[in-house]
Amino acid sequence: MITEPKRETRVYCETDVLVVGGGPAGVGAAIAAARNGAKTLLIERYGHLGGLATGGLVLCIMPMSDGTKEQQIAGLCQEIIDRLDTVGGAVHPKKEDLGSTNQNLINYWRHYPFTVIQGNIRMSVQTDPEMLKCILNDMIEEAGVVLLLHAYGCRSIVDCGVVKGIVFESKSGRQTIKAKVVVDCTGDGDIFASAGAEYDDEINPELRSSKLALVFRIGNIDVKKYLEFKDFRSERYFELMKELEALGGFTMALRTWRDDVLWFNNFIGDLDGLNIEDLTRVEINARKSMLITYNFFKNNIPGFESCYLMDSASQIGVRSSRRLIGEYILTRNDINSGILFHDTIAVCPAFQQGKSLENLHMHIPYRSLIPREIENLLVAGRCFSSDQVANDILSPIQFCIAMGQAAGTAAALSVENNVVPRKIDYHLLKNRLITQNVFLPL
Ligand SMILES: Cc1cc2nc3c(=O)[nH]c(=O)nc-3n(C[C@H](O)[C@H](O)[C@H](O)COP(=O)(O)OP(=O)(O)OC[C@H]3O[C@@H](n4cnc5c(N)ncnc54)[C@H](O)[C@@H]3O)c2cc1C
């Protein structure tokens, strides 16, 4: 151990609401805070917004609807999709087709991830990550959010249990930002951990979210030819996939918004998303597996004859790491029972491919975004307060945007009413969310 010398750190600026992390949750929080009247600053460690939904090449927004004609996730998430539609950056079913069991529609959509579940059509969206980066920049700018990219939030400034701002590092050096409310949307809970908030980072290795990933894309594929082979010669296809697995390649090829591009999801176990050596290992080893995969598909799978390796993700795929231990820890039982909370901020369609669920909806309470003892800090996105199973199920992009929208709105209300976030009037928050097209029970 060494002791670093004490030093004075420049105050870069002061703001009402500071959002740290510009992924789905952070974008949701920053836009909502600014639209609700707060002077808002968003900082992001990379050079673009979107987090895993862009830099991580996670190209599917999972179901926003429950299999009926209704759509439960709306609000900002829907606005983002509407904006993507205007530039041809999204593929999804029409609203009027939600819940349909029409066989022609099912046949059309069944190869698009999470769009056909239990024989009916859901609102799931395949996105173009480059268009998404541009759309998010526009929306942040239009909302009046001040954006700082290439800025890494390193620790919170806490005085007697109250967060006063953060310290960040950048090419311009180490500086601080003072804020009335800070929203931790780093995915990994970097800010709440440094504030001394309680958290849990244990994950059952059996859970999907315990696995790391490095997503990549292959382009110039004849996807139609590939799907015909997969459908009509499925035995041969699965034999080949077994061969590829034995060679150390990845077999999960997913349909995208284009007919000539597939994204390759993967699940790499026994590693820790907060350990720098493990993260390095994934970056190196996953790219070796990516090359094996690419060569195998090109040489063996119809449709891939003229393909090329398009790109690999700039953001490593950490599905889950730190989870806040907040005012309320959302549990597996809450999800199974479908319990409605007195402070529900998001109604989430329940879905699990191939499994029947007893309840159509899961609910997220405002208390799961609030740390137990630290004031002026909110948390949104995959690091929200939840047990391992609830986190595994409620971390998809659409739910993170919804949590962000609620946290940003709450942060703005906290500033407007001069009360700490845990004390804001839930009915005020609910009304504000409803006016922003968030679907909430009356
Ligand atoms: C491989 C993989 C496949 C997935 N598949 C799907 C899917 O098909 N559909 C789906 O809906 N969901 C999927 N998910 C889950 C989903 O992508 C994430 O749970 C979701 O993106 C989380 O959003 P977030 O905003 O909480 O975090 P992130 O998306 O991780 O965003 C966090 C942001 O904060 C920034 N940041 C982090 N630390 C700091 C810091 N200290 N200072 C400044 N900035 C910081 C990051 O750069 C990033 O932009 C998948 C996840 C993975 C990894």
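One-based numbering, in listed order, for ligands and for the atoms of each. Everything numeric here is computed off the predicted structure, so don't read it as measured data.
Ring-centre distance between Y328 and F341: below the 6.0 Å cut-off.
Residues passing the ring-ring contact (aromatic ring centres under 6.0 Å, His included) test with F297, sequence neighbours excluded: F264, F304. Taking the side chain to side chain donor-acceptor pair (under 3.5 Å) definition, one finds that Q315 meets it with nothing, sequence neighbours left out. For the salt bridge (charged side-chain N to carboxylate O under 4.0 Å, His left out) test, residues two or more places apart in sequence or in another chain that qualify with R422 are E327, E375.
Applying the 6.0 Å contact sphere to NZ of K298 captures more than 12 heavy atoms from other residues, nucleotides or ligands.
Taking 4.0 Å as the cut-off between side-chain N and carboxylate O, D190 and R322 count as a salt-bridged pair.
Every protein residue with a heavy atom nearer than 4.0 Å to ligand 1 is included here: V20, G21, G22, G23, P24, A25, E44, R45, Y46, G51, L52, V58, C60, M62, A151, Y152, G153, C185, T186, G187, D190, A213, V215, W263, N265, Q315, G317, V318, R319, G381, R382, S395, P396, I397, Q398, C400.
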